[in-house]
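We count ligands from 1, going down the list as the structure has it; atoms in each ligand are counted the same way.
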Amino acid sequence: MVKLGIFDRLSVRLTAAFLLAAILGVALVAVLAYRSTSSEFSAFIQHMEAMERMMGHGMMRGMMGGQTFAQAEREFLDNLGRTLWIAGLSGAALAMFLGYLFTRQIVAPLSKVSHAARRVAQGDLGQRVEIHGSGELAELGESFNLMAATLSRDQELRQNMVADIAHELRTPLSILQGNVEAMLDGVMEANAENLTLLHQEIVLLARLIEDLRTLSLAEAGQLRFQPQATDLKEVSRQVIDGFQAQMAAKKVNLRLEAPDDLPQAWVDPERIAQVMRNLLSNALRYTPESGDITVRLTPGSDGITVSVTDTGAGIAPKDLPYIFDRFYRVDRSRTRSTGGSGLGLAIVKQLVEAQGGRVWAESTPGKGSTFAFHVPYSPK
Ligand code: ADP
């Protein structure tokens, strides 16, 4: 904490400023009043002396009761001086009092914010300040509260993510550990069939780690993109080709619908292929045998919408808002058995949004789902 000297304090500085302004104001009035009254007085005396000369000596002396004009001037100026001193001192006292009152109103909320900021720095992210009214101080309070809320939400997200990752890594690792130990103890045979199962767990683990890496890089804005004019129909065809064997095995019917004159989109073709692979692999995973999957490319006014529609089980409305969150799965056990990491859609969202696009999902439980994204024609 910074050690403040007495003159570093805002309250002392503001009160001193008030005091100085009052003293300078009164001094200025005093000098001006003194100068103007003394010159007025001299003019008046000269005028009276001229009258005296004109009207005869004895008469004016009688009017002044024997006093000289010079004496009268001195007395008047002394009186004026005294009054100005009294006015000056009371003005200064009033300035100090008002300065103290105003300063308190400014400094008290500032101290509140500074105290709360120190508590936040010490890790107490629940700190909030209450500043009433409107104006800059209330705005400062609001900004502080917003900052504290964001920090606390980020911390919660980070903690949840670490817990989620630990949980996700533990499952395949404990399966591997259990099985390898069983083989070492001779309870399980180390034959090709059992080793294939272990190999599948290792592949799953490697995929999870790779997905985590992609997601964390994308969230940190550190993933490299090489956007260029891209033919999305060509990208879709290549991605679909890669799924031919799986589709044939599941007897799934896949259609690609796109107009012949589809304009090019401004995206990184590799990253968009990754997005489409994730959507297609989900569609394939959640669509029963002999189902249909349709990939549709629709040109719009400012970009192209790509949608992947399946005739799978669909997603309940209560799950739909969370579907793009990391590690969110509608049915944990079923997804694991089909090889999902729970990160596929979170990666889709990050990759599309980083390229100036947006993603969404629609679904009718029992009928199927549509996952779609929109990407621009030109750089944003
Ligand atoms: P996962 O690797 O588990 O599939 P995703 O992030 O890709 O993770 O998907 C999250 C969840 O969304 C899935 O666990 C699944 O419950 C649901 N989901 C994704 N795609 C579909 C789909 N086409 N049909 C039904 N449910 C889906």
When you check the side-chain N and O atoms of Q177 and E181, is any donor under 3.5 Å from an acceptor? yes
- Task: Kindly confirm or rule out a cation-pi arrangement of R271 over F225, judged by NZ or CZ under 6.0 Å from the six-membered ring centre and within 45° of its axis?
- Result: yes
Between N282 and Y286, is there a side-chain heavy-atom distance shorter than 4.5 Å? yes
Logged contact type for D310 with ligand 1, heavy-atom cut-off 4.0 Å, is side chain
How about M188: does its CE atom have over 12 heavy atoms from other parts shown lying under 6.0 Å from it? yes
Problem set entry | Polar contact flag for I315 and ligand 1 (N/O pairs, less than 3.5 Å) | no
Requested in this report: Compute the minimum heavy-atom distance from A313 to ligand 1 and say whether it is under 4.0 Å.
Outcome: no
Check your understanding: Going only through I, L, V, M, F, W and Y residues with side-chain contacts under 4.5 Å, is there a path from I272 to W360?
Key -> no
One finds that the ligand 1 atoms under 4.0 Å from a non-hydrogen atom of S369 are 24 (N), 25 (C)
Practice task
Before accepting this row, confirm whether a basic side-chain N of the pair E219/R326 lies closer than 4.0 Å to the acidic partner's carboxylate O.
Solution key: yes
With a 4.0 Å cut-off on heavy atoms, does R326 reach ligand 1? no
task: Return a yes/no value for G314: is any of its N or O atoms, backbone included, closer than 3.5 angstrom to an N or O of ligand 1?
output: no
Hey, does R207 come in under 3.5 Å of ligand 1, counting only N/O atoms on both sides?
no
* Determine whether any heavy atom of F371 lies closer than 4.0 Å to an atom of ligand 1. => yes
**N or O contact, I323 vs ligand 1, cut-off under 3.5 Å** = no
Whether the side chain of N253 engages the backbone of G291 through a donor-acceptor N/O pair (distance < 3.5 Å, no angle test) should be reported.
no
Ligand 1 atoms nearer than 4.0 angstrom to some heavy atom of G342 are 1 (P), 2 (O), 3 (O), 6 (O), 8 (O)
| message | Can a donor-acceptor pair be found, under 3.5 Å and without considering hydrogens, that links the side chain of D310 to the backbone of S369? | response | yes
Among V330, I347, N282, L320, closest by heavy atom to atom 7 (O) of ligand 1 is N282
For R329, the ligand 1 atoms with a heavy-atom partner under 4.0 Å come out as 3 (O), 14 (O)
